There are 2 protein chains.
Amino acid sequence: MMQVNTSSDLQEERQRLDAFFRFGISVDCVVFGYDGENLQVLLIERGAEPYKGFEAIPGDLVSLNEDIDQATKRVLNDLTGLPDIYLEQLSTFGAVERHPMGRVVTVVYYALLDKNLYNPHPASWASEAYWKNLDEIGEMAFDHRQILEAAVQHLHHKVQHQPIGFELLPEEFTLAQLQHLYETILNTSFDKGNFRKKMLSMNVLIPLDKMQKEVRHRPARLYRFDQQRYEQLVQKGYLFEL
Amino acid sequence: MMQVNTSSDLQEERQRLDAFFRFGISVDCVVFGYDGENLQVLLIERGAEPYKGFEAIPGDLVSLNEDIDQATKRVLNDLTGLPDIYLEQLSTFGAVERHPMGRVVTVVYYALLDKNLYNPHPASWASEAYWKNLDEIGEMAFDHRQILEAAVQHLHHKVQHQPIGFELLPEEFTLAQLQHLYETILNTSFDKGNFRKKMLSMNVLIPLDKMQKEVRHRPARLYRFDQQRYEQLVQKGYLFEL
DNA sequence: TATTTAAATTGTAAAAAATACTATAACTTG
DNA sequence: CAAGTTATAGTATTTTTTACAATTTAAATA
């Protein structure tokens, strides 16, 4: 098929389309953290309209010349002071009435991190920024409640098939810490010996020559996650599964 | 925190935001089909600028007052004549330069179906609409090549954890057909007896009192997928896995 | 009609993995 | 050093997976 497109062709078409180009795009960043005890999520209090004073997932409108993936990092940093972290796209919410200021479609990302590493500080139009236990969350701005529920569900599913749990822990951790994390996320309990055997048999943990410090009992060996090894296994078709 | 928002407050804010509300949103529908032999995908040839004459995934701009999920059904029907089918959201592509007519963020959906049931007919600005084998696809419009690859990868992953294979088959099918489908998608082969045992032990297949017809050997029993039973199992925490 | 053929279906023994549980080691604190 | 606590290792039992062989069925052919 031959292509004939003059510049005026395109201009005409662009005009016809003008009515379609009235959307706003935002990104929302669901950041999960773990403090060794509970699973938490990073929230802000909105200091600007709409929904001023409401709890919200950190998020903001994307600029016309800004890449969406990039926007997540900027927004998260602007509002909470968190540095560049890897955020994975989750899904997109686009109900017609979800935003009172116009038609805004929001792309939701999520991340997991060791919350002891970073302390959030509110900035820009965020009046507060803090961690909150998942089960203590009430009303939220926009459809953020719904978004958060989708993120939690995704986490439950994902943690059973990929070793994402490690992102929530310090670089070096004990098997008991890892087990407690999984038990928290999945709300179950595992046999200690068998959990250990299963984890170690996957060959994605590197045992270190270090021991836990400052505990009042036999100290446990520390391990770290072997990202390279994990990727090799995935290449070969191995699937991490609990 | 007290909320004070007069109507003029909001108007002011809306004006400040005007520069952000210049995005276009589109939906793209990756529809996979299976003809008993190969895995295929539904494509159109674009009959309008930009990328006139190129192969593309069926998709179009969303209207300002149109729900995104709804838009998928309209678009797919407009371009290819396919009726309402269930489409699942996959992910969103928003690179700055992905569309030559402006900033367009596209939300990608996908569906699976028995391609013998529906015959695509091009309409609206689609000059062609047809099924094509996955391994015979060349250049495509926009970033559709990239989108398609993401969809295929998602399919590979998903088929191993959810019984989506059934959507690609006729309502009534034999275990051999099901096995061949899985072998095609995953590009492997399974032991016949063990595949049968595994599938049946999941209790999501209803054996029918019907047999295959018009084959020149012992006819196989027909089964159908038990959606209800599957949902019950998922509720109870059971996870379908190959 | 008897025989052949192709595939469906069933069965089974061996191997591997998951599970439940016990025993021992290592460290801290009083 | 004894007591307490948790880590770590080990083991026997059960369950699941795997590989493969045997049997059944209906159509096609001779």
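Just so it is clear, the model here is predicted, and its values are computed rather than measured. Sequence lines set the chain letters: A, B, ... in the order given, protein chains first and strands last, and positions in each chain run from 1.
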Peer 1: Salt-bridged, A:Glu139 to A:Arg145, with N to O below 4.0 Å?
Peer 2: no
Peer 1: Quick one: closest heavy-atom pair of A:Glu183 and A:Ser189, and the distance?
Peer 2: OE2-CA, 3.4 Å
Peer 1: In this structure, which one of A:Val105, A:Val107, A:Ile147 forms a side chain to side chain contact (heavy atoms under 4.5 Å, CB included) with A:Phe93?
Peer 2: A:Ile147
Peer 1: May I have the distance from B:Phe195 (atom CZ) to C:dA7 (atom P), rounded to whole angstrom?
Peer 2: 17 Å
Peer 1: Would you give a per-nucleotide map of nucleotides 19-29 of chain C, 5' to 3', where B means the base has a protein non-hydrogen atom under 4.0 Å away, S means only the sugar-phosphate does, and - means neither?
Peer 2: BBB---BBBSS
Peer 1: Applying a 4.0 Å non-hydrogen cut-off, can you work out what A:Arg221 is touching in the nucleic acid: base, sugar-phosphate, or nothing?
Peer 2: sugar-phosphate
Peer 1: What integer distance in Å separates B:Leu222:CG from C:dA8:P?
Peer 2: 12 Å
Peer 1: Would one find a side-chain N or O of B:Lys192 under 4.0 angstrom from OP1 or OP2 of C:dA7?
Peer 2: no
Peer 1: Is it the case that atom CG in A:Asp135 sees more than 12 heavy atoms from other parts of the structure closer than 6.0 Å?
Peer 2: yes
Peer 1: CZ of A:Phe190 versus P of C:dA18: gap in Å, rounded?
Peer 2: 13 Å
Peer 1: Below 30° counts as parallel, above 60° as perpendicular, anything between as tilted: where do the rings of B:His180 and B:Tyr34 land?
Peer 2: tilted
Peer 1: Considering only heavy atoms of chain B and a distance under 4.0 Å, specify the first and last nucleotide of DNA chain D in 5' to 3' order that meet this criterion.
Peer 2: D:dT18 to D:dA28
Peer 1: Ion pair present between B:Glu88 and B:Lys158, side-chain N to carboxylate O less than 4.0 angstrom?
Peer 2: yes
Peer 1: For B:Leu200 and C:dG11, give me the distance from atom CG to atom C1', rounded to whole Å.
Peer 2: 15 Å
Peer 1: For the residue pair A:Tyr182 and A:Gly165, what are the closest heavy atoms and their distance?
Peer 2: OH-N, 3.7 Å
